[in-house]
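Take a look at the structure set out below.
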Amino acid sequence: MKPSPFEYVRATSVADAVKALAAHGDRAKLLAGGQSLIPMMNFRMVAPEVLIDIGNIPGLDEITIGDGSVQIGAGARHNVVMASDVVRQHCPLLADAYSHVAHFTIRNRGTIGGNICHHDPASEVPLVLTLLGASLVLAGPKGNRTVPADTFFLGMMETAIAEDEMLVRIDVPFQPAGEGWSFHEMSVRKGDYAIVCAAVRLTVKDGAFHDVRVGFNGAGTETKRMAGVEQALEGKPATDATIAAAVKVAVDLSDPSDDVQADAAYKRDLLSALGRRALEQARARASN
Amino acid sequence: MNVKAKAKKSIPASRQREVPGQDLKWIGQNMKRVEDPRLLVGEGEYADDIALANMLHAAVLASPHAHARIISIDVSKALALPGVHAVMTGEEVAKVTGPLPCFGSPPVEQRCVALGKVRHVGEPVAIVAADSRYIAEDAVGLIEVEYEQLPVVADLREAVHAKGAAVLHPERGDNNIALQRSFKFGTVDEDFANAKTIVKRTLRWPRSGAQPLETCGAVADFNRGSGKFTVHCNTSMYNYVGWLWAVSLNVPAHKLNIVPTMAGGSFGSKLFLHKVPIIAATLARKTGRPVKYLEDRLENLSSCDHHGSDRYYECELALDADNNMTALKCDVIDDYGAYFQFGIGHHGNALSQITGPYKIRSVEANITAVLTNKCQQGAYRGFGSEVSNFVLERMVDAACDELNLDRLAFRRQNFIKKAEFPYFIPTGNLYDSGDYEAVMDKAVGMLDLEGWRKKQAEALKEGRYIGIGLATCQERSVFSSTEFWSLNNVPGFTLTSSAEGVSVKLDALGNAVVKLQAPFWGNSPETMAVQILAEQLQLAPSAISVAYADTDSGLSGTGPGGSRYTVMIAGALVGASKIIRNKLFLLAGHLLQAGKDKLELRDGKVMVKGTEQGMSIADIAMQAHFFRLSFPDEPEFDTGLDANYTYDHPLTTLPSDDRTDLGIFYPIMGHMCHMPVIEVDIETGKITFLDYVAVHDCGTIVNPMTLAGHVRGGTAQGVGTALYEQYDYDEQGQFRSGSYADYLMPKVMEVPPNVRVGHVETPSPFTEYGIKGGGEGGRMGTPPALAGAIEDALRPLGVRIDALPVTPSKLRGLIRQAQAK
């Protein structure tokens with residue numbers, strides 16, 4: 001389990017990395033925390049000829065407060081994001097979801113940017129960023145551009161990032177005061193990839209659900225948010241009956257597949273159970 | 001066993017020299033492991049730590065197919081890669097290296113590199129030696145192989161009927177049945193005919209295996225001048241079966257020296273390593289350079305030759321009108337994979353305790369071993385007995401459910417009673433001693449069963465499902481060797497000894513060096529040796545160091561396996577110590593002018609009994625090594641203070657020719673009671689541990705702390721087998737568990753946070769100090785205890801557990817079915 005030969009380039013700045021990407025084209029891969037890329041190289045599933053190491057770019061791992069958003073540098077390690085007071089205070093859904101992300105040692109090395117760009121369909125962070133309406137700042141040869149999470153995440157392991165671009169920052173808008181949120185996940189073992197996870201944001205006004213955003217991983221659909229489920233909740237009484245009906249919509253809309261660890265029937269059961277639990281918890285957290 | 005038959009059977013006299021119940025100083029102490037400091041500072045020497053000058057590195061091209069004929073192999077591009085020194089196909093290897101060792105009878109031919117045909121995914125097809133592992137793997141990628149795919153056999157029940165091109169080893173006949181044999185012990189037909197109740201179940205035990213932190217590895221060197229191999233390897237039984245490597249390598253055994261490295265975390269999986277060292281040695285002879293071959297994780301998972309049992313059972317249990325269990329019938333199909341290195345030794349093992357702690361008087365076992373396109377079976381903690389424990393305890397729980405009996409009371413009624421030992425079971429094996437009620441009573445008390453029953457009832461009112469499990473299982477220990485061959489149609493290689501040697505030397509300063517004939521394999525062999533020798537010679541533990549013999553210097557030895565090592569090394573050390581004590585007393589008696597019978601060992605000194613007069617062992621040792629002329633000119637006073645001693649198995653007899661009696665072959669019988677408390681989330685199928693009590697009786701305990709470590713680690717492995725782990729093959733024999741993202745071991749969050757361990761000590765009348773083995777116990781009791789706990793939790797829904805592992809997806813499926821009723 002050793003990788004094919006490759007050339008190693010250490011980038012010292014974003015401009016440096018973008019220049020190297022331009023020079024090497026599709027022969028190159030960016031190396032951040034390496035928690036997915038290196039195992040794939042060791043299994044020889046991928047064989048980049050050039051690795052551009054962005055792990056030493058000063059400032060790429062900073063977490064700061066912007067105008068109504070938390071700005072997370074793409075190089076921030078998972079454990080740093082998870083432990084960040086700023087994140088916990090302003091984006092509690094992201095902090096909650098992080099308690100399910102991988103194992104401690106992996107979170108020590110893995111970066112939020114690498115996680116997002118890898119875009120494993122079972123990964124928690126892309127789902128949560130989509131619900132939070134995050135923006136992804138990409139640096140390219142022509143300068144920076146910003147892509148909303150809604151259009152950044154494409155199919156399985158696909159994103160809107162171009163070959164000559166790198167992700168430099170994630171801007172996550174503050175969750176408004178009084179909002180309810182929840183994140184529930186089932187994996188075979190703690191820290192494994194989720195079989196199913198459910199994420200919810202909503203508010204409760206005059207006994208009804210509003211501003212509802214609901215999304216799942218493991219439902220077999222590539223879009224993370226489920227518009228049908230959101231419609232089944234938006235403006236409806238914040239009752240168990242509404243939740244039950246919405247969860248049923250989620251199951252009906254889903255199209256999960258069998259895999260070694262879990263069959264489709266199980267995934268539908270989880271969508272139902274975790275969807276309900278997440279909605280109930282979000283409702284309880286929302287201030288009336 | 002009825003009284004008349006028992007009267008005919010004789011039990012060989014006990015050879016116990018050190019009786020239980022003595023006032024002991026070192027045995028029984030919670031001594032910290034003497035192995036730990038060097039492991040903790042990273043200075044234990046593992047196979048991968050070995051680096052010889054000019055060493056090359058090997059890599060293996062593994063078969064991507066489960067079953068295929070090899071049409072052609074083109075190695076030219078690989079050979080042309082700079083840094084590559086050799087590329088060998090199966091054909092080239094076969095010119096110099098023979099088949100791998102096999103205890104099956106008749107043997108099933110296995111090669112270290114496939115010859116003509118591949119029989120499972122991961123089987124070596126070609127081997128490379130290069131300047132680095134990186135280059136070796138690059139070269140592997142350049143080898144071109146043309147295959148013709150053959151029909152795949154991946155299901156154990158279909159394997160029974162396979163014919164023609166689907167047959168793995170046509171030279172053995174047109175079928176994939178490795179061995180099929182029926183055994184009847186006692187009046188089984190009569191007992192079933194007279195039964196009041198017959199309980200039937202179909203049960204499935206999944207293929208799992210040990211997961212060593214360091215995979216199998218070897219560094220081989222070949223001296224062209226002497227024609228001798230030196231192989232450093234992390235194997236366990238090198239003094240027992242290492243000479244069989246020499247047979248494969250076509251050299252006499254004295255032309256192969258095996259040097260053991262740390263073999264930690266083996267749990268059986270490195271018991272009988274052969275493919276890895278023989279690949280390394282074959283490449284070393286070809287290149288004239290030392291070669292290291294260390295499996296990577298994928299190779300270990302897919303091709304380590306040590307997958308665990310994989311069985312399908314149809315079982316019947318007969319009970320009389322008083323609810324006494326009288327007879328057990330098991331039809332079992334066992335999926336052995338592509339080869340058959342141990343034959344059906346695993347079933348021999350199981351027959352040593354097939355009736356568990358119960359007075360079941362007759363047994364029928366119909367065993368069908370099949371060959372399939374999977375990695376072959378080897379050893380994994382329990383060696384087949386963990387499966388029969390699961391099966392029997394499932395049948396016992398099933399009987400309780402069908403007859404509405406209390407799981408504790410039913411067991412108590414059927415237990416062999418303390419006064420009935422030594423006790424012959426129907427297969428002919430003997431249980432030396434036991435007190436099963438004491439073990440169960442202790443577990444029930446430690447758990448606070450009544451308290452948990454109340455919490456369970458309260459939780460149910462809130463819609464929470466708590467379950468309490470119970471397993472009362474045997475823990476056979478001290479492997480002897482007849483199980484390897486007693487079930488074969490043609491016995492073949494009829495081993496009858498599985499001895500254990502030790503060398504003890506007192507140096508000129510009176511400190512001891514103990515040389516073991518077995519490696520460090522993750523247990524505490526050094527700690528055991530130190531505690532026992534300290535007791536025997538009344539030395540401080542710090543005055544004892546432990547080393548490992550290579551095969552050139554080693555005595556006869558078997559090594560770890562079958563929970564034997566502590567008992568066997570105790571026997572060897574008692575024998576060696578007696579020789580040394582005699583010599584000490586002889587020399588001291590002469591110097592002190594006292595008769596030998598007036599002397600005793602006390603705190604590092606030889607003392608005249610009842611006096612303060614004596615000499616330190618250090619002073620005597622100095623005399624023994626350097627001052628020969630201080631003593632009479634008799635040979636018994638000759639220079640030196642050392643002993644070699646080889647201890648044979650304490651109690652074993654031969655099977656009868658017709659195999660209605662398998663003889664005494666696994667008599668040192670431990671026992672355990674496991675009681676987990678779990679909660680099931682019925683919506684997700686997730687299981688959470690709330691409590692776990694494990695009480696074990698392993699006879700006299702040498703070190704309660706290390707024994708408790710065994711129990712906890714074994715319990716974690718049992719959790720893995722019961723709830724998580726499985727080597728998964730699809731219908732085409734493709735291996736879907738090639739990494740730890742797919743082969744799911746429980747981690748710290750999935751095992752009970754605190755396994756509360758209790759000990760009961762019922763000494764063996766046959767072993768030194770009454771010690772019994774305890775190396776495999778946890779894993780032998782946890783699976784049935786957990787299956788019972790899940791059923792107990794879901795009793796309101798009526799869920800039955802017949803197959804493992806009970807993954808969340810599968811458990812939720814069972815709950816869904818139950819809810820739909």
Side-chain angles (χ1 to χ4, degrees), chain A residues 1-6 35-36 38-45 47 99-100 102-106 120 122-123 184-198 218 244 247 251 256-278 280, chain B residues 57 59 81 83 130 132-138 140-141 215 294-300 681-688 719-720 723-726 728-730 734-751 805 807-817 819:
Chain A
M1 259 186 230
K2 305 288 183 203
S4 302
F6 59 87
Q35 297 303 289
S36 298
I38 298 295
M40 288 168 76
M41 288 171 65
N42 286 344
F43 274 107
R44 300 198 178 207
M45 291 159 68
S99 66
H100 298 277
H103 303 276
F104 195 90
T105 46
I106 291 174
D120 189 293
S123 184
H184 278 255
E185 172 170 325
M186 178 67 196
S187 54
V188 177
R189 300 173 305 182
K190 169 88 176 144
D192 281 349
Y193 280 118
I195 299 169
V196 165
C197 46
V247 164
V251 173
S257 51
D258 291 334
D259 60 45
V260 176
Q261 306 299 348
D263 58 27
Y266 179 57
K267 291 178 186 177
R268 282 192 290 270
D269 286 351
L270 289 179
L271 287 168
S272 181
L274 301 184
R276 190 196 74 241
R277 290 177 191 185
E280 287 173 354
Chain B
H57 298 262
L81 189 72
S132 73
R133 174 83 186 209
Y134 291 85
I135 296 170
E137 289 194 24
D138 293 343
V140 161
T215 54
L294 185 78
E295 293 172 335
D296 63 26
R297 187 60 60 190
L298 174 58
E299 289 165 339
N300 186 260
D681 179 338
I682 63 163
E683 288 187 318
T684 64
K686 190 179 176 67
I687 290 170
T688 311
V719 170
L723 304 183
Y724 295 100
E725 294 177 33
Q726 184 158 27
D728 186 80
Y729 289 87
D730 72 7
Q734 281 301 318
F735 185 57
R736 300 193 291 187
S737 314
S739 81
Y740 285 151
D742 299 304
Y743 185 92
L744 303 184
M745 273 181 286
K747 300 191 208 173
V748 70
M749 301 301 285
E750 285 75 44
V751 297
T807 63
S809 177
K810 286 187 195 150
L811 182 54
R812 175 57 208 156
L814 293 172
I815 294 167
R816 190 188 313 116
Q817 281 171 20
Q819 287 172 325

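Chain naming here is simple, since letters A, B, ... match the order of the sequence lines and numbering starts at 1 in each. All values below were derived from every heavy atom in this structure, side-chain atoms included, with hydrogens, water molecules and symmetry-related copies excluded. What you are looking at is a predicted structure, and each value in this text was computed from that prediction instead of being measured.
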Most chain A-contacting option - heavy-atom pairs closer than 4.5 Å, from B:Glu299, B:Gln726, B:Arg736: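 The residue among B:Glu299, B:Gln726, B:Arg736 with the greatest pair count is B:Arg736.
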Greatest number of heavy atom pairs closer than 4.5 Å to chain A - which of B:Leu744, B:Leu723, B:Val748, B:Thr807: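 Most heavy-atom pairs under 4.5 Å with chain A: B:Leu744.
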Can you say whether [X] sits under 4.5 Å from chain B via the side chain, the backbone, both, or neither, judging by heavy atoms?
X	answer
A:Asp263	both
A:Val188	both
A:Tyr193	neither
A:Pro3	both
A:Leu274	side chain

Heavy-atom donor-acceptor pair, B:Glu750 side chain to B:Lys747 backbone, under 3.5 Å: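 Side chain of B:Glu750 to backbone of B:Lys747: a pair is present.
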Check: A:Lys267 side chain, A:Ile195 main-chain N or O, donor-acceptor pair, under 3.5 Å: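 It does not hold such a pair.
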Set of residues satisfying side-chain hydrogen bond (donor to acceptor under 3.5 Å, both in side chains) with respect to A:Lys190, sequence neighbours excluded: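 Partners of A:Lys190 under the side-chain hydrogen bond (donor to acceptor under 3.5 Å, both in side chains) test: none.
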By side-chain hydrogen bond (donor to acceptor under 3.5 Å, both in side chains) - contacts of B:Glu295 (at least two apart):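 For B:Glu295, the residues satisfying side-chain hydrogen bond (donor to acceptor under 3.5 Å, both in side chains) (neighbours in sequence not counted) are B:Asn300.
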Spacing of CE belonging to A:Met186 relative to CG belonging to A:Leu270, to within rounding of 0.5 Å: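 The distance works out to 6.5 Å.
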CD-CZ distance between A:Gln261 and A:Arg189, expressed to the nearest 0.5 angstrom: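 That separation rounds to 8.5 Å.
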Step-by-step salt bridge (charged side-chain N to carboxylate O under 4.0 Å, His left out) determination, B:Asp296 to A:Lys2: CA-CA 9 Å; B:Asp296 63 26; A:Lys2 305 288 183 203; over 6 Å; no
Is it the side chain or the backbone of [X] that comes within 4.5 Å of chain A heavy atoms, both, or neither?
X	answer
B:Glu137	both
B:Arg816	side chain
B:Asp728	side chain
B:Asp681	side chain

No-hydrogen, no-angle side-chain donor-acceptor test under 3.5 Å, B:Tyr740 and B:Arg297: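 B:Tyr740 vs B:Arg297: donor-acceptor pair found between side chains.
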